[in-house]
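Report on one structure; see the data block that follows.
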Amino acid sequence: LVVNGKLGINENSLSSNARLQVRFDNAQSYNAYNALTNPSMIIKNLTSGASKFASLGFITEANGEGAISLVQGSGNINADMTFSLRSSGARTEHLRITHDGNVGIGTPGPTAKLHVFKGESGAVANNTDSTLVLENSSHTYINFLTPANKESGILWGDDANNNTGMVTYSNLTDNMTITAADDIVLNADKINVGNNKPLWSGSYGGALFLKGNNATAARHAELTIVNSTGASIGTGLVVDNDLQVGIGIESPGAKLEIKDGDLWLNGATSGSNPEIFFIDDSGVGTAGVKIRYGNGDGNLYFDHKWDDAGS
């Protein structure tokens with residue numbers, strides 16, 4: 001039926017806008033087999049050979065062109081679906097769905113369920129278990145854009161929970177959170193932490209500070225206590241650039257320096273006698289001096305070359 005330049009196939013009541021209207025009443029429910037074996041309209045190319053195609057084209061007045069094509073694969077046993085556009089005179093394929101269900105954006109050969117290609121990376125092939133591949137010849141990012149009071153992240157799930165692991169970022173607090181149902185394992189040559197930034201536990205808790213000075217190479221590690229903002233409440237246990245240990249002081253003047261405090265050696269039982277050793281490189285039990293407190297009699301002993309029982 002042709003009415004006023006409009007064509008209707010198996011249709012008497014034509015739409016006011018459509019130039020071509022095809023009617024195909026089909027009582028079958030949709031599935032892939034029915035859609036492919038009983039289509040409403042067929043565009044056919046029976047020429048044999050790989051890369052032969054059947055297309056549906058679109059053209060606008062100002063050189064706008066687009067096409068949806070079915071491209072024959074090798075061996076005449078499968079085909080890919082492609083979407084192509086014209087831009088600035090160049091006609092380019094932008095998206096392809098391969099016969100095995102992979103989707104390629106910017107690539108005719110997607111190697112995962114979704115492969116987004118912006119440039120040749122030169123890298124080895126992606127892991128075969130990858131569901132998503134992002135490839136570029138320069139820096140490659142995933143960019144999450146969310147409102148200022150919302151959170152974005154990546155969630156990992158299993159058969160029991162949809163978020164057993166998470167990496168999230170809150171735009172409201174500017175905090176990044178890494179969560180796991182069990183351990184978080186970091187495996188690298190080294191882990192860099194910002195200068196004088198604490199690694200700490202809880203709103204109030206212990207913290208490890210790593211402090212450095214790039215100009216002088218002076219640096220030290222400090223184990224201390226922090227307040228609810230993560231700020232240190234005082235100098236704790238310090239190991240400095242020369243491997244000297246300070247307690248309550250950031251710049252110890254000896255192998256061990258305690259500032260504003262005491263050193264206690266506590267023998268909890270009568271058989272435990274606290275001792276301080278002074279030895280050379282011969283080792284304990286060979287030569288040296290020790291100060292020993294007799295926990296049983298309350299006496300203080302000064303012993304030398306203790307293997308000879310001298311006192």
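For the numbers below, each heavy atom of this structure counts, side chains included, while hydrogens, waters and symmetry mates do not.
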How long is the span from the [atom1] atom in [X] to the [atom2] atom in [Y], to the nearest 0.5 Å?
{"X": "Q21", "Y": "L7", "atom1": "CD", "atom2": "CG", "answer": "10.0 Å"}
{"X": "L20", "Y": "L14", "atom1": "CG", "atom2": "CG", "answer": "9.5 Å"}
{"X": "K259", "Y": "T235", "atom1": "NZ", "atom2": "OG1", "answer": "7.5 Å"}
{"X": "L256", "Y": "L263", "atom1": "CG", "atom2": "CG", "answer": "7.0 Å"}
{"X": "T131", "Y": "H115", "atom1": "OG1", "atom2": "NE2", "answer": "13.5 Å"}
{"X": "I247", "Y": "E222", "atom1": "CD1", "atom2": "CD", "answer": "12.0 Å"}

In the single-linkage hydrophobic clustering (I, L, V, M, F, W, Y; side-chain heavy atoms under 4.5 Å), do [X] and [Y] co-cluster?
{"X": "F278", "Y": "L300", "value": "yes"}
{"X": "L85", "Y": "I105", "value": "no"}
{"X": "M41", "Y": "L70", "value": "no"}
{"X": "M166", "Y": "F144", "value": "no"}
{"X": "L36", "Y": "M81", "value": "no"}

So which heavy atom on [X] is nearest to which on [Y], and how close?
{"X": "P39", "Y": "F24", "result": "O-CE2, 3.9 Å"}
{"X": "A50", "Y": "S74", "result": "CB-CA, 3.9 Å"}
{"X": "K6", "Y": "N17", "result": "NZ-N, 4.1 Å"}
{"X": "Q72", "Y": "I77", "result": "NE2-N, 3.6 Å"}

Tell me whether [X] contacts the main-chain N or O of [Y] through its side chain, where contact means a donor paired with an acceptor under 3.5 Å.
{"X": "S121", "Y": "A123", "answer": "yes"}
{"X": "S137", "Y": "K118", "answer": "no"}
{"X": "D262", "Y": "W264", "answer": "no"}
{"X": "N163", "Y": "L155", "answer": "no"}
{"X": "S130", "Y": "N127", "answer": "yes"}
{"X": "N34", "Y": "S29", "answer": "yes"}
{"X": "S87", "Y": "A90", "answer": "no"}
{"X": "T92", "Y": "H94", "answer": "no"}
{"X": "S170", "Y": "D174", "answer": "no"}

Any salt bridge (charged side-chain N to carboxylate O under 4.0 Å, His left out) involving residues 240-257? Give me the pairs, sequence neighbours left out, ordered by first then second residue.
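Every pair satisfying salt bridge (charged side-chain N to carboxylate O under 4.0 Å, His left out) with a residue in residues 240-257: K211-E250.
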
Salt bridge (charged side-chain N to carboxylate O under 4.0 Å, His left out) contacts in which one or both residues fall within residues 127-139, not counting sequence neighbours:
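Listed by first then second residue: nothing to list.
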
Check the pair V245, L237 against side-chain contact (heavy atoms from CB on, under 4.5 Å), reporting the backbone distance first and the verdict last.
CA-CA 7 Å; V245 178; L237 177 66; 3.6 Å; yes

Check: [Y] and [X] side chains under 4.5 Å, non-hydrogen atoms:
{"X": "W156", "Y": "V167", "result": "yes"}
{"X": "Y293", "Y": "N273", "result": "no"}
{"X": "V116", "Y": "V133", "result": "no"}
{"X": "R86", "Y": "N63", "result": "yes"}
{"X": "N102", "Y": "I97", "result": "no"}
{"X": "T177", "Y": "Y169", "result": "no"}
{"X": "P110", "Y": "T98", "result": "yes"}
{"X": "I9", "Y": "R23", "result": "no"}

Report the C-alpha distance between T47 and N45 in whole Å, list the side-chain angles of each, state the deciding distance to 0.1 Å, and finish with yes or no for side chain to side chain donor-acceptor pair (under 3.5 Å).
CA-CA 6 Å; T47 305; N45 179 0; 3.0 Å; yes

Please test N26 against Y30 for side chain to side chain donor-acceptor pair (under 3.5 Å), starting from the C-alpha separation and ending with a verdict.
CA-CA 10 Å; N26 188 345; Y30 169 80; over 6 Å; no

Passes side chain to side chain donor-acceptor pair (under 3.5 Å), S48 versus N76? Steps please.
CA-CA 7 Å; S48 179; N76 290 336; 2.8 Å; yes

Under 4.5 Å side-chain heavy-atom separation, chaining through any Ile, Leu, Val, Met, Phe, Trp or Tyr, what else clusters with V71? Say none if it is isolated.
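Traced through the cluster, V71 reaches F53.
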
Running the 4.5 Å side-chain criterion over Ile, Leu, Val, Met, Phe, Trp and Tyr, what cluster does I249 land in, apart from itself?
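Other cluster members: none.
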
For D80, enumerate each residue passing the salt bridge (Lys or Arg N to Asp or Glu O under 4.0 Å) test, keeping only those at least two apart in sequence or located in another chain.
R96

Residue F58 excluded, over 12 heavy atoms near CZ under 6.0 Å:
yes

Set out, in order, the CA-CA distance, both residues' side-chain angles and the distance that settles side-chain contact (heavy atoms from CB on, under 4.5 Å) for T82 and I68, then state yes or no.
CA-CA 6 Å; T82 68; I68 302 173; over 6 Å; no

Which pairs of donor and acceptor atoms, one on a side chain in residues 145-152, lie under 3.5 Å apart (sequence neighbours left out)?
unit_1 : atom_1 : unit_2 : atom_2 : d
T146   : OG1    : N171   : ND2    : 2.3

